[in-house]
Amino acid sequence: MLLVVFSMNAQDDAVTFEMKLSKEKLGINERLRVDFTMNKDGDNFNPPDFEGFRVLMGPSQSISSSWINGVRSYSKTYSYTLAPTTRGTVTIKQASIVIAGKTYKSLPKKVEVTAAVDKPSDEMTVDDVADESLHLVAEVSKTDPYLNEGLSVVYKLYVSPSISVSNYQPLDNPKYNNFWSQDIPVSRPVAENGTYKGKPYRYVVLKRVVLYPQKSGKLEIEPLSLEVTVDVPTNKRDFFGGRIYTQTNKTVSAGKRTINVKPLPEKGKPVNFSGAVGSFDFSVSTSKTTLNASESLQAKVEVSGKGNLKLFQLPEPNLPSALEVYEPEFNENVRTTLSGSQGKVSNNYTIVPSFKGKYPIPSISFTYFDPKAKTYKTLTSDEILINVKEGPTNSSIGTAVATGGQKQAVTVGNQFNFLKLNPNLSPITSNFFFGSTQYYLWLLLPLILIPIAIILGKKREAIASDVVGNKVRKANKLARKYLSKAKKELGNKEGFYIALEKALHNYLKAKLKIETSEFSKDKIATLLNEKQVDDTTNDGFIALLKNCEMARYSPFSEVQMQHDYDKASEVISHLDKQL
């Protein structure tokens with residue numbers, strides 16, 4: 001096999017862009033495989049025109065990424081299968097790729113095409129068929145949203161009817177940096193009929209997520225990568241005439257997507273704009289408008305509609321000082337679909353008037369940006385008048401009466417009513433401490449505390465001497481601490497395994513003072529071996545991480561979740577004794 005390498009320098013971190021040919025010489029009835037490989041991710045791949053050849057398959061894309069001894073190894077390949085159309089010497093011209101803003105090109109290469117051979121050696125291999133028949137695609141609903149405007153990403157695995165997929169598992173999940181993300185669970189993948197590049201395919205929806213960009217400019221969505229086990233039919237038959245299948249493993253990637261996020265316009269932006277983007281309704285209501293002093297009422301400030309309901313603050317009412325207002329209770333009823341988040345959010349205020357009178361709740365304004373109309377819209381609530389019919393009169397400020405928007409102080413009754421005419425005074429008596437009951441209690445207290453202190457001290461010594469018991473209690477307490485969130489999510493597969501995976505990583509982060517979320521499972525296994533953790537505990541920890549990944553795409557029962565929870569508690573307890 002011939003290898004042509006274009007490299008900027010000879011250092012370990014140099015960028016390489018390689019062209020690999022399966023052979024330099026072939027018959028006109030044979031096939032040629034051409035691979036363009038790079039060691040760093042690139043954009044704008046531009047293949048040659050392959051003059052003198054007919055493209056049978058391609059481009060198919062594969063990505064390989066791994067960590068070995070703390071060093072990341074990365075490879076991305078575009079592959080083509082070609083059939084020559086003429087005899088003679090044919091030149092495969094340069095291909096180009098843009099990596100980190102620089103353009104890299106492969107060197108042209110000549111291939112000699114001879115007359116047809118009796119037994120072609122380059123029939124399509126199992127990997128060739130799998131590459132051409134398997135595609136992972138990220139379908140983005142919108143590539144140029146406004147800041148805080150929702151968009152959806154649906155990951156589909158397209159499979160040609162000529163092959164079948166027996167298993168798959170994620171290798172690298174996107175992190176959605178600079179996005180607020182909300183996963184939409186896929187309960188059970190179901191195969192559906194569709195087309196890919198004009199050809200009939202079956203596809204399965206693997207992952208759905210709704211994103212709200214939190215930063216303007218060009219934002220990248222990291223690729224989702226899968227390792228897929230593929231069954232490919234061969235030309236061979238078994239004893240009964242059935243076709244024989246060959247199994248192979250392939251890595252497919254959805255590719256990196258770039259989203260161009262537009263900033264919200266500064267022109268016409270109101271001062272009270274709090275970041276709401278979408279289409280909303282706004283209301284302010286009270287449970288009642290007539291009551292007596294010391295009774296309570298509920299005032300609700302509510303926003304409903306479709307948009308980033310979880311990402312802005314509700315406006316606050318400006319209430320008269322004569323009304324006692326408690327901290328609001330926040331309520332949220334929001335569901336997320338592929339079209340975005342919709343529902344309602346509200347703040348519920350408990351208000352208790354102290355005095356008789358009439359108190360206005362002034363109108364409140366709420367502003368949001370409508371991405372469809374490309375303009376800001378402001379909604380204003382009506383003024384609400386609270387009438388307190390019975391109760392004491394606030395004589396210091398009078399009764400607040402709404403008259404043309406002004407409050408008028410009114411004196412009611414006798415202006416000296418605030419004076420207390422009957423003081424109900426009682427004579428002052430002298431109490432002596434010496435000889436009192438308190439005196440004797442303080443005198444006897446040390447005699448009572450001394451034997452209690454002796455008993456507690458012996459008990460502490462016994463507990464401190466129980467080294468093994470202390471370690472067990474400490475380990476079990478630590479396991480409950482990190483797994484408390486996962487225990488609350490038992491029965492909810494998605495939430496449980498996300499919480500369990502975070503608990504395992506947070507435990508190692510706290511114990512070893514490192515960011516294990518950046519490590520692969522192999523790196524974590526190596527790290528635990530270096531810390532002299534026994535193989536059983538090490539294998540159990542890695543098996544739990546694998547279950548957390550597989551649970552996103554495979555059905556897991558509540559029994560399995562309970563088993564994984566118990567296993568995690570046991571593994572953390574064993575780890576804490578060894579680390």
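Here the structure is a predicted model, which means the values were calculated and not measured. Hydrogens, waters and symmetry mates play no part in the numbers below; they use all other heavy atoms, side chains included.
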| query | What is the minimum heavy-atom distance between P161 and Y201, and which atoms define it? | reply | CD-CA, 4.3 Å
| task | Please check if the distance between the ring centroids of F280 and F312 is under 6.0 Å. | result | yes
| task | Check the pair T229, N249 against side-chain hydrogen bond (donor to acceptor under 3.5 Å, both in side chains), reporting the backbone distance first and the verdict last. | result | CA-CA 5 Å; T229 302; N249 291 327; 2.9 Å; yes
| said: Y376 and ring pair (Phe, Tyr, Trp, His ring centres under 6.0 Å): which single residue from F369, Y368, F366 fits? | reply: F369
| request: Kindly say whether S152 contributes a backbone atom to a donor-acceptor pair with the side chain of S141 at under 3.5 angstrom? | output: yes
| task | Please check if the side chain of N538 supplies one atom and the backbone of A525 the other of a donor-acceptor pair under 3.5 Å. | result | yes
| What heavy-atom pair brings G275 and N308 nearest, and what distance separates the two atoms? | O-ND2, 3.0 Å
| query | Atom CG of L136 and atom CD1 of I63: how far apart are they, to the nearest 0.5 Å? | reply | 9.5 Å
| Sequence neighbours excluded, every pair satisfying side chain to side chain donor-acceptor pair (under 3.5 Å) that has a member inside residues 262-280 | E266-K269, N272-T367
| query | Ion pair present between E332 and K344, side-chain N to carboxylate O less than 4.0 angstrom? | reply | no
| K25 side, atom NZ; E112 side, atom CD - distance, nearest 0.5 Å | 5.0 Å
| request: Using modelled atom types only, decide if a donor and an acceptor are shared between the side chain of D183 and the backbone of P185 within a distance under 3.5 Å. | output: no
| message | Regarding S79 and T77, do their side chains bring together a donor and an acceptor under 3.5 Å, going by distance alone? | response | no
| task | State whether the side chain of Y168 and the backbone N or O of L157 hold a donor-acceptor pair below 3.5 Å, judged by distance alone. | result | no
| message | How close do F36 and S106 get, counting heavy atoms only, and between which atoms? | response | CE2-OG, 4.1 Å
| message | On a heavy-atom basis, which atom in V210 and which in T337 lie closest, and how many Å separate them? | response | CG2-O, 3.1 Å
| request: Without swapping roles, check the side chain of R54 against the backbone of L82 for a donor-acceptor pair under 3.5 Å. | output: no
| Would you say the side-chain atoms of D564 and Y497 include a donor-acceptor pair closer than 3.5 Å? | yes
| field | From CA spacing to verdict: side-chain hydrogen bond (donor to acceptor under 3.5 Å, both in side chains), S162, S160 | value | CA-CA 5 Å; S162 61; S160 172; 3.1 Å; yes
| When you measure from the side chain of N39 to the backbone N and O of A14, does any donor-acceptor pair fall under 3.5 Å? | yes
| For G27 against V113, the heavy-atom pair lying closest together | C-CG1, 4.3 Å
| query | Considering residues, nucleotides and ligands other than K374, do more than 12 of their heavy atoms fall under 6.0 Å from its NZ? | reply | no
| query | If you look at every heavy atom in E222 and P174, which pair is closest and at what distance? | reply | O-CB, 3.2 Å
| said: Determine whether a donor-acceptor pair (N or O, by modelled atom type, separation under 3.5 Å) exists between the side chain of E501 and the backbone of I498. | reply: no
| field | Residues K110, E24: salt bridge by 4.0 Å N-O rule | value | no
| said: Whether the S341 and T336 side chains hold a donor-acceptor pair (N or O, under 3.5 Å, no angle test) is what I'd like checked. | reply: yes
| query | Is the number of heavy atoms from other residues, nucleotides or ligands within 6.0 Å of CD (Q313) greater than 12? | reply | no
| Within 6.0 Å of NZ in K546, more than 12 heavy atoms from elsewhere | no
| message | Keeping N178 on the side-chain end and E220 on the backbone end, is there a donor-acceptor pair under 3.5 Å? | response | no
| remark: The ring pair (Phe, Tyr, Trp, His ring centres under 6.0 Å) partner of H135 among Y158, Y196, Y203 is Y196
| Member of V165, L226, V232 meeting the side chain to side chain contact (heavy atoms under 4.5 Å, CB included) criterion with L134 | V165
| Side chain of N193, backbone of R202: donor and acceptor closer than 3.5 Å? | no
| Inter-residue atom distance L211.CG - I221.CD1, 0.5 Å rounding | 5.5 Å
| said: Ignoring hydrogens and geometry beyond distance, is a side-chain donor-acceptor pair present between Q247 and D231 at under 3.5 Å? | reply: yes
| remark: Rounding to 0.5 Å, atoms CG (N492) and CE (M561) come to a distance of 7.5 Å
| request: Sequence neighbours left out, what pairs pass salt bridge (Lys or Arg N to Asp or Glu O under 4.0 Å) with at least one residue falling in residues 141-167? | output: E139-K156, K142-E149
| field | Side-chain donor or acceptor of D370 paired with backbone N/O of K372 under 3.5 Å | value | yes
